[in-house]
2 protein chains.
Amino acid sequence: MMNTIEEILESKNIRVTAMRLLIYKFLAEKEIAVTLSDVENAFEKADRTTLYRTLKTFEEKDIVHQIDDGTGITKYALCEPGCNCDINTDLHLHFHCNNCNETICLTDHKIPQIKVPKGFVSENINLVVKGICDKCSL
Amino acid sequence: MMNTIEEILESKNIRVTAMRLLIYKFLAEKEIAVTLSDVENAFEKADRTTLYRTLKTFEEKDIVHQIDDGTGITKYALCEPGCNCDINTDLHLHFHCNNCNETICLTDHKIPQIKVPKGFVSENINLVVKGICDKCSL
DNA sequence: TAATAATTGCACTTCTATTGCATTTTATTT
DNA sequence: AAATAAAATGCAATAGAAGTGCAATTATTA
Ligand SMILES: [Mn+2]
Ligand SMILES: [Mn+2]
Ligand SMILES: [Zn+2]
Ligand SMILES: [Zn+2]
């Protein structure tokens with residue numbers, strides 16, 4: 001049974017505003033990770049700072065996760081239902097296409113156990129595979 | 001049997017200049033990945049652009065590899081002897097310490113086989129683990 | 001309604017990366 | 001060795017993303 005966006009935001013202690021609802025919907029429609037510029041282009045009337053801070057707020061409250069795909073431009077994608085951005089259960093692989101420049105979450109591909117040398121403590125893992133995506137490799 | 005830096009550069013078709021020798025030595029001494037700023041601070045007399053382009057040249061010729069550790073600042077580290085930055089044999093894990101902010105190559109920790117969905121083609125993999133390094137976790 | 005708190009919009013700043021072009025240095029050819 | 005060509009270097013400027021201070025607006029609470 002699906003919750004409304006309002007309920008989702010409230011459950012994460014984020015106040016519901018018109019802007020936040022719109023941005024949430026925008027992210028939900030996309031199946032690829034988006035940049036701040038993408039959001040800007042989609043909401044030209046809104047101020048960039050507001051959009052920026054909305055994404056930051058979403059990130060802090062585990063509504064979206066930030067993706068660093070190596071392009072130098074931060075991308076964001078909606079978390080899966082039930083995600084708490086936990087290192088052991090929620091982290092997944094990201095794929096960046098060198099051809100179409102899109103980055104997608106491969107949420108079914110969890111990050112394998114990574115061993116680190118003695119004395120090192122893992123807190124977070126970022127795994128990005130680059131190459132050609134399914135749409136571009138036809 | 002070790003080659004001289006001159007020989008290494010020449011074998012990669014890079015002209016030997018005073019600046020390049022100095023930068024190579026600087027990188028070789030460091031056991032952590034360095035930023036352009038780090039190099040700048042070490043060679044205050046040299047122009048930043050020259051240092052920047054030297055690192056780019058080194059990268060193109062597989063003398064160094066670039067590391068995107070998620071801090072938003074590109075880092076560079078010398079490749080291992082014999083490295084061709086090949087996806088199957090040379091890619092290794094990088095560790096970024098959230099405490100001291102240093103990033104190191106874990107060259108002994110090769111990146112495990114990563115499966116991607118049908119239709120996707122892997123060309124490169126970036127795997128960064130963040131946490132507390134051995135020096136900081138004591 | 002009045003007081004309070006959070007959000008939004010605007011202007012500005014910081015920082016990294018990158019480029020165009022003139023000058024200097026290095027390599028090659030005559 | 002001198003002339004020529006090619007590459008490297010230095011300087012200045014730009015682009016672009018990220019982030020911040022503060023005033024104005026909107027929502028919440030008393
Ligand atoms: Mn993702
Ligand atoms: Mn490395
Ligand atoms: Zn693609
Ligand atoms: Zn450390």
Side-chain angles (χ1 to χ4, degrees), chain A residues 5-6 8-26 33-61 63-77 96 101 103 126, chain B residues 5-27 33-61 63-77 96 101 103 126:
Chain A
I5 301 177
E6 281 89 344
I8 295 170
L9 295 182
E10 279 164 1
S11 75
K12 301 273 188 174
N13 289 314
I14 301 174
R15 289 195 182 174
V16 177
T17 69
M19 204 66 249
R20 287 172 179 171
L21 287 173
L22 286 169
I23 294 177
Y24 191 102
K25 275 179 206 151
F26 175 74
V34 302
T35 66
L36 175 55
S37 291
D38 293 334
V39 182
E40 252 185 286
N41 294 333
F43 302 99
E44 302 205 334
K45 294 164 199 155
D47 187 75
R48 199 179 54 85
T49 313
T50 303
L51 303 174
Y52 170 77
R53 285 198 266 233
T54 300
L55 291 172
K56 283 286 169 201
T57 302
F58 280 6
E59 192 201 346
E60 282 162 16
K61 299 301 173 75
I63 294 247
V64 303
H65 57 280
Q66 198 173 323
I67 302 161
D68 178 6
D69 62 13
T71 58
I73 301 167
T74 304
K75 295 185 179 169
Y76 302 88
H96 175 75
N101 209 36
T103 297
N126 185 39
Chain B
I5 300 178
E6 281 89 345
E7 286 167 340
I8 295 171
L9 295 182
E10 280 165 359
S11 74
K12 301 272 188 175
N13 289 312
I14 301 175
R15 289 198 183 172
V16 177
T17 69
M19 202 67 248
R20 287 170 176 172
L21 288 172
L22 287 170
I23 294 176
Y24 191 103
K25 275 179 205 150
F26 175 74
L27 292 168
V34 303
T35 66
L36 175 56
S37 291
D38 292 335
V39 182
E40 251 186 287
N41 293 334
F43 302 99
E44 302 206 333
K45 294 163 200 157
D47 186 77
R48 201 173 56 85
T49 313
T50 303
L51 305 174
Y52 170 76
R53 285 198 266 234
T54 300
L55 290 173
K56 283 284 169 201
T57 302
F58 280 6
E59 191 201 348
E60 281 162 17
K61 300 300 174 75
I63 294 248
V64 303
H65 56 281
Q66 197 173 322
I67 303 161
D68 178 5
D69 62 11
T71 57
I73 302 165
T74 304
K75 295 184 180 170
Y76 303 88
H96 175 74
N101 209 36
T103 296
N126 185 40

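First the proteins, then the strands, lettered A, B, ... as listed; each starts at 1. None of the values given here were measured: they were computed from a predicted structure.
OP1 and OP2 of dA18(D) both lie 4.0 Å or more from every side-chain N or O belonging to K56(A). Close to dC10(C), at under 4.0 Å from its OP1 or OP2, lies no side-chain N or O of T49(A). Remark: T50(B) is in phosphate contact with dG10(D), judged by side-chain N or O atoms under 4.0 Å from OP1 or OP2. At the phosphate of dG9(C), neither OP1 nor OP2 sits under 4.0 Å from any side-chain N or O atom of K45(A). Remark: R20(A) is in phosphate contact with dT7(C), judged by side-chain N or O atoms under 4.0 Å from OP1 or OP2. Residue T17(A) has no polar side-chain atom (N or O) positioned under 4.0 Å from OP1 or OP2 of dA6(C).
The nearest whole Å value for the distance from the CG atom in L51(B) to the P atom in dT19(C) is 17 Å. Protein atom CG of L55(A) is 12 Å distant from nucleotide atom P of dG19(D), rounded to whole Å. Taking atom CG on N13(A) and atom P on dA27(D), their separation rounds to 19 Å, with Å as the unit. Spacing between atom CG of L9(A) and atom P of dA27(D) amounts to 15 Å, rounded to whole angstrom units. One interatomic measurement links the two molecules: CD1 of I14(B) to P of dT26(C), which rounds to 17 Å at whole-angstrom precision. Regarding D38(A), its CG atom lies at a distance of 15 Å from the P atom of dG16(D), rounded to whole Å. Atoms CG (L21(A)) and C1' (dT7(C)) sit 14 Å apart, rounded to a whole Å. Distance, N41(B) CG to dT16(C) P: 11 Å, rounded to whole Å.
In this structure, V16(B) and R48(B) both approach DNA chain C, and ranking their closest nucleotides by distance from the 5' end singles out R48(B). The residue among T54(A) and I73(B) whose nearest nucleotide of DNA chain C is located toward the 5' end is T54(A). Comparing D47(B) and R15(B) against DNA chain D, the residue whose closest nucleotide sits nearer the 5' end is R15(B).
Taking the side chain as every heavy atom from C-beta outward, R15(A) and E10(A) never approach each other to under 4.5 Å. I8(B) places a side-chain heavy atom less than 4.5 Å from the side chain of Y24(B). Residues I14(A) and F58(A) meet the side-chain proximity criterion, which asks for heavy atoms closer than 4.5 Å.
T74(B) comes within 4.0 angstrom of sugar-phosphate atoms only, judged by non-hydrogen atoms across all strands, and of no base.
Although no hydrogens or angles enter the test, the distance criterion places no donor-acceptor pair under 3.5 Å between the side chain of H65(B) and the main chain of E59(B).
Residue Y52(B) has its side chain nearest to dT18(C) when only dA17(D), dT18(C), dA18(D) are considered. Taking every side-chain heavy atom of M19(B) into account, dT9(D) is the closest of dG9(C), dT9(D), dA18(D).
Side-chain atoms of R53(A) and base atoms of dG19(D) include no donor and acceptor less than 3.5 Å apart.
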Would V39(A) and F26(A) count as a side-chain contact (heavy atoms from CB on, under 4.5 Å) if you check the C-alpha gap in whole Å, the side-chain angles of each, and the deciding distance to 0.1 Å? CA-CA 8 Å; V39(A) 182; F26(A) 175 74; 4.0 Å; yes
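A side-chain hydrogen bond (donor to acceptor under 3.5 Å, both in side chains) with D69(B) is found for exactly one of T103(B), N101(B), T74(B), namely T103(B).
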